[in-house]
J.: 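Take a look at the following structure, please.
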Amino acid sequence: MDAALIPKGVKRCPIWKFMAGLTPVVLVLLWGIYAMLLCWLKGLNQTNMNNAYGFALWIWADLAVIALGGGAFFSGFLKYLVGKDELKNIINFAVLIGFICYSSALLILAIDIGQPLRGWFIFWHANVHSMLTEVAFCLTAYFFVLCIEYIPLVLENRQLDRVPFFHNLTHNMHETMAVFAATGAFLSFFHQGSLGGVAGVLFGRPFGFREHILIWPFTFFLFTWSAAAYGPCFTILITRITEAVTGKKLVKDNVVWLLAKISGWMMLTYSIAKTADTIYWAVVTAPAKGFVLSDFYTSNALYGYWILVLEVGICGWLPALLLVFKKTRENRKLLWLAVILGVIGVSLNRWVMVLQVLAVPVMPFIKWILYYPSWQEVATTLLPVAYGIILVAFSYRYMPVFPQEAELNPIEPPAGEVAPSELETALASDTQEGDLQPVQA
Amino acid sequence: MKVDRRSFLSFLIGGAAGTALSPLPWKLTDDISIWTQMWPWVPVPERGEVTHVTSACTLCPGGCGISVRKVDDRVVKIEGLEGHPVNDGGLCTLGLAGAQLLYGPQRVKSPMKNVDGRFVEISWEGALGEIAARLKELRESGQPHRVACIAGTDRGTVPELLNRFLTVYGSPQFFRVPSIQDTYELTMYLMQGVRASAGFDFEKADYVLSFGSGLLDGWGAPVNIFQAHSRWCERGGKLVQIEPRQSRTAAKSDSWIPINPGTEGVLALSMAGVIVKEALYNADFVNHQASGFDSWQRLVLESYDTESAAKMTGIEASTIVKLAKEFAGARKPLAVCGRGKGQTPGSLKEVMAVHALNALVGGIGRQGGVRTVPEPDYIDWPEPEMDAVAAAGMQQGRVDQAGGSQYPHARYLLNRLPEAVNSSADSPIQVLFVSDANPSYSLPNSKAFADAFKKIPMVVSFSSYLGETAELADLILPSPSYLEQYEDRPIAAGYARPIVNLTRPVVEPLFNTRSVGDVVIELARSLGGTVATAFPWDDYRSCLKETLGDKWTVLTDKGYWTDEKFGSAGKPATFETKSSRFEFSNAEIDALARFAPVEPEGDIAAFPLVLVPYDTMRLWDGYIGNPPFVIKIVPDTVLKNNDGLIEINPATADKFGLQDGQAAKLTTPRGTARVRVHLFEGIMPGLVSLPTGLGHTAHSKFLAGKGVNVNALIGSVEDAATGYEAVWGIRAKLDKA
Amino acid sequence: MKVEKAHKFGMFINLDKCTGCGSCMVACMAENNVPFREDETDKLISVAWMRVYKLSNNKPFPDTETSFLPRPCQHCEGQHGHSPCVSVCPATATDYDANTGIVSQIYTRCFGCRYCMAACPYHVRLFNWYDPVWPDGMEKSLNPNVSVRMRGVVEKCSFCFHRYQLVKERADYEGEEYMAEDAYQTACTQACPAKAIVFGDLNNSDHKVHQLAQPDNHNGGKPRAKNVFRLLEQLGTNSKVYYHSSKEWVRRLGDNYIPGRDEA
Ligand SMILES: Nc1nc2c(c(=O)[nH]1)N[C@H]1C(S)=C(S)[C@@H](COP(=O)(O)OP(=O)(O)OC[C@H]3O[C@@H](n4cnc5c(=O)[nH]c(N)nc54)[C@H](O)[C@@H]3O)O[C@H]1N2
Ligand SMILES: Nc1nc2c(c(=O)[nH]1)N[C@H]1C(S)=C(S)[C@@H](COP(=O)(O)OP(=O)(O)OC[C@H]3O[C@@H](n4cnc5c(=O)[nH]c(N)nc54)[C@H](O)[C@@H]3O)O[C@H]1N2
Ligand code: SF4
Ligand code: SF4
Ligand code: SF4
Ligand code: SF4
Ligand code: SF4
């Protein structure tokens, strides 16, 4: 039915199967949309946020997806500016993930603010002192960059590509992509940093506050660094998941390993910096405000020292080392482990820098305030996840996201080839069905 | 025209770009954001001419002056009247939230008749006609004494009009809502021979010994005492608070001395013993201005030595001695009693013991001591002419036996009314008027009051608000609120000088209401005869103006009248007893039951804990239901959702396996309630405590259904000497829910 | 042209006098059109510009002691007006007024991102989680000098700025340069039955608040008066609400101290 839209040289499962597979995701999406409408129409009383938790699950999700989406700018930076050309084989996917992450972030912000219809005040009445202003400007600008980077991919769809205007547009955009990549990288360095600055400048919140270099707190640099380090991890993870779901190899190992290696070294250096930052904060910054480490990690039911060990040790140093060494990096299972730990680590870091900042009592006579999200918050947070899966599925189905796919998965495998996976068998047999034109026709 | 895909797409893109570049989206965005600034469902208060009206707060007997800020004809804010002798600009939470009472949903908007449990509107003529018909019937059948009236106070023209009405009609059944004032008035009468109120010169005192009085929790004239407390902070006055639970007052005191509840009188007598034994008393006063000292001191020394007092009170003997010495050694010591806000009369002999302490240190009539504040004298209406029916009716005894052989000194024993009604097949009271009172909520054993009100064939409420008692009434004749009418308020409880406040119509009455005074005058008129002639005024307003005489000008001008010179000349107190002295004891006093601590009701085996209600400045528990702002600031350690929290010492909670915040079932011999546990180190182990002022079932959704009405859980206990309400708590148990 | 020295309005609250009665809270609500809901027991979503905290020395019966601490907005100056909250607001919806030292909140500008709430260590800032609703007729008591806030924006104590504006307008109109101490007073100060709150110009040595707090303007406004402290002094918020308590344990609860380093 949709064969005409499917890229040349690759096989896709039948549309009904594709749709059936997406059904549960669509249901989650609809649930999320319902919750989103509730939040917009009835207000933020639908959440479990409160005056102590002005920022909660959503802002965490925002910071996390932006960090994870960092694979886009950093891969772009590596490919176009550093010249790691192999990365062209994964850059499309990185851009797609970035696009999803950033559009999700903007959507979540639109739900999160109390007066969405006034959201544009942040631009119109901008306060240059505010980290959020910087975030808003760079985030929006970078989102446009991602759109520009994503559009050629969309236009490469077989049918769209037939329109000469689009064909030429795509071509010209490819020509100038380096400029956009550079712009994107620049913007990203800033907004990732500013997101780090959000907590780092809070001099009234000793858990978040960090010493400054010029006008930027340490967290500014740590956030940029960690996004660059862990974003590619997420790109790899999603690539691997896509491979698992489609049952195909989509990107050659050497490409993944290269990205993993760079990511690993970034993670290692980040872990060193983060460790140093933590020590300095614990020994100098916090005590100057009257706090010691135990004030931040005791007397409550959730936030213990374990969180520090998990974030910096198990999800920081460990995956970094796993990716730095060739032997572990090129071990399939350990690579999986490393990228999963990395993704958990950076997400945990963003959680801590949003929620723990608010949970720690600052006035000595109040207690820790813990929070759990309402279903509306959970649903709206899953909404972009569902949307992301759908977008990945559609993009994968109709666009040449993985340049190496056709090469790695020849359509008529010569007899005696390795037995295809179960899923692949299903997919292969399905393409023969009905009156559909074979794709390669 | 053929539209191919390409031109269609071009059109789309071109159109989008064109729109984006046009002013339209920008204009729309701007308009939308402006719309968010003025959502039609967010009210915009109208501007207008700003005026300030001087008036008085009548929401408690505290006697504050207020300045009401109006914008056009709307009350926008109530503020304390600066320069008012009682509150000088300060105001309590209730007074500040007064506008919410004026405009709130709990107002009764027109006369109402209860038809099979539902209130329906009725005309004034219809309502008054029904009442007059019933009153005529009773009078004609020679039963005028079966009409009764409960009023919040007996001072001022409105209660006096009600009382006068009952008298000329032929009924002695006038009740005033009980308070510590009852006991203090009787004490003044028995020990000083005067019909007067006790006034306390907190401002000048430098050592205040409070036997559980919530001086900073709404006792007396609250704002006045707050300001006195602040002066103590500045000048070094000392406050010693004796009570088992750390109230706000105890928290702010210089010394909090926990005591076994109910034994305050023991401590007072024992301290007196120390002062007598060590001859620390003011010899001049005791020798020259007092009598009956010898027999009194004998009793004190015999029965209340410090060792046995220590056992009873739980206070170490050395502490008792120390307190006695401090008290006697202070320059201007002042002892005061009446638990919490002083809403319970308590034990007469306990009050007398505390009063005797003041006498021992020469504190009667002196600056910083206890003043004799005469009853207001401006209501000087001619004695009414009584017809035979009235005379006969007045000869009938009171249903509560007040003034009878058992309790000759009591004026009103409202606490005994439920029993009198509920125990007889045919209610001795046939018609009951209720003004400024809500007994079926606010008095101990509140359920018995509710039962009695259901049983009385005709209950007429004058309430402005749909409270619990009003809900039980057969007819509600709503009076205007205190911001809508003139009324004199000759009280500021416990205040050391005579004072009269005047409320005035700050705004025109919002609803179809009539003042109680007008209703009384109209009813009298419709009854005719001597009843009518006793009320020669056109209406309440002219009655008030005429009654106040030359005070009217001062009152309408300043909002209050006070005897500026009162007590300032240092004139010694005059005693109108037989001996013309202060009488520590005399035949009349000795004839009354001796002091004994009031025991809480209940069996200790079945009820191992003791429930003591507490009064707090954050909640009001009388006739006035707390308005939304007041409920809003109730801490979440007192009320959480609709659950009231019960205070318990962590050690006691541990013993019963109860955790902080846990739901529990509170049981007393009188009832049960669902509560949540609040661990509080400031309460004596073995006790549990609930605030008064919650657990309403009426008023409005902002108040009803929240927390527990502690009055429904405690019964009534009579003081052996007077018959007054003397309950301070009840035995209880607390189980996991 | 008039050259006037900037005001620096501030508060001095005597915790020895404060009884925790809550009048300041109610006075503020009535003055500033604060809405109310049927259930206000979830204090984490309840809007109250002034909040009175109950402090305890946490000792067991009978040595337990309690004190009360009213907490309006501290109107932090930070360094050069960079209050914790003002500097973070992306839309300039809250502002440090150099002429008065008052941190304003502009409801129609605020778009509800709540960053300022995260920034304020005193839990002063409150979000309108719900639409404000007044039961029929009760909207009559709303004060036209203060705008009613809509759902989705942040609000907080303004030191009753509208009262300043009224006085200032009048003064400007009448060509007066001097603003009398009692001309501009906040609603909470006025209502406090204990007269525990003193409000005035910290820059004016004739004002009681200056005399009581004795702010050291060369040293970030630190109080020089005995037994006077500011909340969380070490954070550098440079706040303008000064507290007095004669009790050591109460003063210690005003800031965080490190065992071993800061002696009790
Ligand atoms: N409660 C409250 N009151 C306020 C204010 C507030 O914020 N709250 N704000 C105050 C302020 S700042 C202001 S400026 C005033 C504004 O107060 P008003 O001047 O009363 O403002 P509008 O309500 O806009 O009313 C203007 C009227 O002019 C009419 N109109 C519109 N265009 C024309 C035209 O071309 N010719 C003529 N003849 N009429 C026209 C409109 O239909 C409308 O009836 O309100 C003040 N009053
Ligand atoms: N749709 C529509 N829009 C209008 C109008 C209209 O009629 N309809 N009228 C227009 C007119 S005439 C006017 S004057 C404007 C008025 O519009 P605005 O100037 O927005 O006036 P307000 O709505 O009164 O809001 C002023 C806000 O500023 C805050 N504020 C108070 N004091 C200070 C302070 O000292 N500093 C700071 N930074 N903030 C403070 C208050 O909290 C208050 O919420 O609206 C204009 N916009
Ligand atoms: S203390 Fe009593 S009289 Fe004074 S404001 Fe409060 S309720 Fe009114
Ligand atoms: S009104 Fe005064 S005494 Fe009452 S809580 Fe506020 S500051 Fe304290
Ligand atoms: S107290 Fe909070 S809201 Fe007020 S100025 Fe300081 S940081 Fe801002
Ligand atoms: S919530 Fe409003 S005032 Fe606060 S930072 Fe955001 S826009 Fe500014
Ligand atoms: S200064 Fe004004 S706004 Fe601030 S707490 Fe006091 S009354 Fe409320």
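FYI, side chains are in, hydrogens and waters are out, and symmetry mates aren't considered; it's all heavy atoms of this structure. Proteins get letters first, then strands, A, B, ... in listed order; numbering begins at 1 in each.
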J.: Salt-bridge test for C/E31 and C/R163: reply yes if a basic N is under 4.0 Å from a carboxylate O, no otherwise.
T.: yes
J.: Assess the side chains of C/T186 and C/T189: does a donor N or O sit below 3.5 Å from an acceptor N or O?
T.: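 Yes, because at least one side-chain N or O of C/T186 sits under 3.5 Å from a partner of the opposite role on C/T189.
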J.: Pick one of side chain, backbone, both or neither for B/E79, based on which atoms fall under 4.5 Å of a heavy atom in chain C.
T.: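 Only the side chain of B/E79 comes within 4.5 Å of chain C.
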J.: For the candidates B/L91, B/L216, B/V223, which exhibits the highest count of non-hydrogen atom pairs separated by less than 4.5 Å from chain C?
T.: B/L91
J.: Given a strict heavy-atom distance threshold of 4.5 Å, which part of B/P258 is in contact with chain C: side chain, backbone, both, or neither?
T.: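 Contact with chain C: side chain only.
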J.: Taking all heavy atoms of B/E203 and all of B/R235, pick out the closest pair and write down the distance.
T.: O-NH1, 3.8 Å
J.: Under a 4.5 Å heavy-atom cutoff, which of C/D136, C/N33, C/V26 has the most pairs with chain B?
T.: C/V26
J.: So what's closer than 4.5 Å to chain C heavy atoms on B/K706: side chain, backbone, both or neither?
T.: side chain
J.: Taking C/D63, C/D42, C/D131 one by one, which has the highest count of heavy-atom pairs under 4.5 Å against chain B?
T.: C/D131
J.: If we ignore hydrogens and angles and just use 3.5 Å, is the side chain of B/Q241 paired with the main-chain N or O of B/W256 as donor and acceptor?
T.: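 Absent.
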J.: Could you tell me which portion of C/V47 (side chain, backbone, both or neither) has an atom closer than 4.5 angstrom to a non-hydrogen atom of chain B?
T.: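 Contact with chain B: backbone and side chain both.
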J.: Heavy-atom pairs under 4.5 Å with chain C: which of B/W41, B/Y103, B/F702, B/W232 has the most?
T.: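 Result: the option with the highest number of such pairs is B/Y103.
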J.: Is it the case that the side chains of B/Q246 and C/T66 hold a donor-acceptor pair, with the cut-off being a distance below 3.5 Å and no angle test?
T.: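 C/T66 vs B/Q246: donor-acceptor pair found between side chains.
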J.: Do C/Y164 and C/F9 have ring centroids that are under 6.0 Å from one another?
T.: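 Aromatic pair counts; centres sit under 6.0 Å.
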J.: With a 4.5 angstrom heavy-atom cut-off, is it the side chain or the backbone of C/C21 that approaches chain B, or both, or neither?
T.: both
J.: Pick from B/P635, B/G218, B/G95, B/P685: which one has the most heavy-atom pairs with chain C under 4.5 Å?
T.: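 Option with the top pair count is B/P685.
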J.: Tell me whether the NZ or CZ atom of B/K632 lies within the 45° cone about the ring axis of C/F36 and under 6.0 Å from its centre.
T.: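 No, cation not above the ring by the 6.0 Å, 45° rule.
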J.: Any salt bridge linking B/R107 with B/E484? Criterion: basic side-chain nitrogen under 4.0 Å from a carboxylate oxygen.
T.: yes
J.: Please identify, among B/Q227, B/R248, B/E234, the residue contributing the most non-hydrogen atom pairs under 4.5 Å to chain C.
T.: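 Option with the greatest count: B/R248.
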J.: Sort B/Q100 into side chain, backbone, both or neither according to what part of it lies under 4.5 angstrom from a heavy atom of chain C.
T.: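 For B/Q100, the contact with chain C is made by backbone and side chain together.
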J.: Taking NZ, NE, NH1 and NH2 as the nitrogens, is one of them in C/K59 or C/E65 under 4.0 Å from a carboxylate oxygen of the other?
T.: no
J.: Check each atom of B/V634 against the heavy atoms of chain C and say whether the ones under 4.5 Å are side chain, backbone, both or neither.
T.: backbone
J.: Contact part of C/V133 toward chain B, heavy-atom cut-off under 4.5 Å: side chain, backbone, both or neither?
T.: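 Contact with chain B is absent: no heavy atom of C/V133 under 4.5 Å.
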J.: Less than 4.5 Å to any heavy atom of chain C: does that hold for the side chain of B/P222, its backbone, both, or neither?
T.: neither
J.: For B/H699 and B/H696, I'd like to know if the aromatic rings sit close, meaning centre-to-centre distance below 6.0 Å.
T.: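 Under 6.0 Å, so yes.
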J.: Relative to chain C, which segment of B/P627 carries a heavy atom at a distance below 4.5 Å: side chain, backbone, both, or neither?
T.: neither
J.: Can you tell me which portion of C/L44 sits under 4.5 Å from chain B's heavy atoms? Options are side chain, backbone, both or neither.
T.: neither
J.: Give, as side chain, backbone, both or neither, the part of B/R231 having an atom under 4.5 angstrom from any heavy atom of chain C.
T.: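 Contact with chain C: none, neither part.
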J.: With a 4.5 Å cut-off on heavy-atom pairs, point out which of B/S33, B/P105, B/C92 contacts chain C the most.
T.: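 If we count pairs closer than 4.5 Å to chain C, B/C92 comes out on top.
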J.: Do the ring centers of C/Y243 and C/F229 come within less than 6.0 Å of each other?
T.: yes
J.: Would you mind checking if B/D636 and C/K43 are paired as a salt bridge, meaning a charged N to carboxylate O distance below 4.0 Å?
T.: no
J.: Would C/R149 pass as a cation-pi partner of C/Y107, given that its NZ or CZ must be under 6.0 Å from the six-membered ring centre and within 45 degrees of the axis?
T.: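 That pair qualifies as a cation-pi contact.
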J.: May I ask you to name which of C/S67, C/P60, C/P135, C/S246 has the most heavy-atom pairs under 4.5 Å with chain B?
T.: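 That would be C/P60.
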J.: When only pairs under 4.5 Å are counted, which of B/I683, B/L703, B/T616, B/N641 shares the most heavy-atom pairs with chain C?
T.: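 Of the candidates given, the most pairs with chain C belong to B/N641.
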J.: Check each atom of B/K77 against the heavy atoms of chain C and say whether the ones under 4.5 Å are side chain, backbone, both or neither.
T.: side chain
J.: Can you say whether B/K252 sits under 4.5 Å from chain C via the side chain, the backbone, both, or neither, judging by heavy atoms?
T.: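 Just its side chain gets close to chain C.
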J.: Between C/V153, C/T19, C/D39, which residue shows the highest count of heavy-atom pairs closer than 4.5 Å to chain B?
T.: C/T19
J.: Salt bridge between C/K195 and B/D88, side-chain N to carboxylate O under 4.0 Å?
T.: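 Judged by the 4.0 Å cut-off on N to carboxylate O distance, C/K195 and B/D88 do form a salt bridge.
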J.: Pick one of side chain, backbone, both or neither for C/K54, based on which atoms fall under 4.5 Å of a heavy atom in chain B.
T.: side chain
J.: Return the option, out of C/E139, C/M29, C/M150, with the maximum number of heavy-atom pairs under 4.5 Å with chain B.
T.: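 Looking at each option in turn, the highest pair count goes to C/M29.
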J.: Could you check which of C/A30, C/P62, C/C24, C/A196 has the highest count of heavy-atom pairs closer than 4.5 Å to chain B?
T.: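 Winner by heavy-atom pair count: C/A30.
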J.: Answer yes or no for C/R51 and C/Y53: cation-pi contact, defined as NZ/CZ to six-membered ring centre under 6.0 Å and angle to ring axis within 45°.
T.: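 Yes; both conditions hold, so C/R51 lies above the ring face of C/Y53.
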J.: Quick check: do C/L142 and B/V76 have side-chain heavy atoms less than 4.5 Å from each other?
T.: no
J.: Heavy-atom cut-off 4.5 Å, strictly under: side chain, backbone, both or neither for B/S700 against chain C?
T.: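 Neither; nothing under 4.5 Å.
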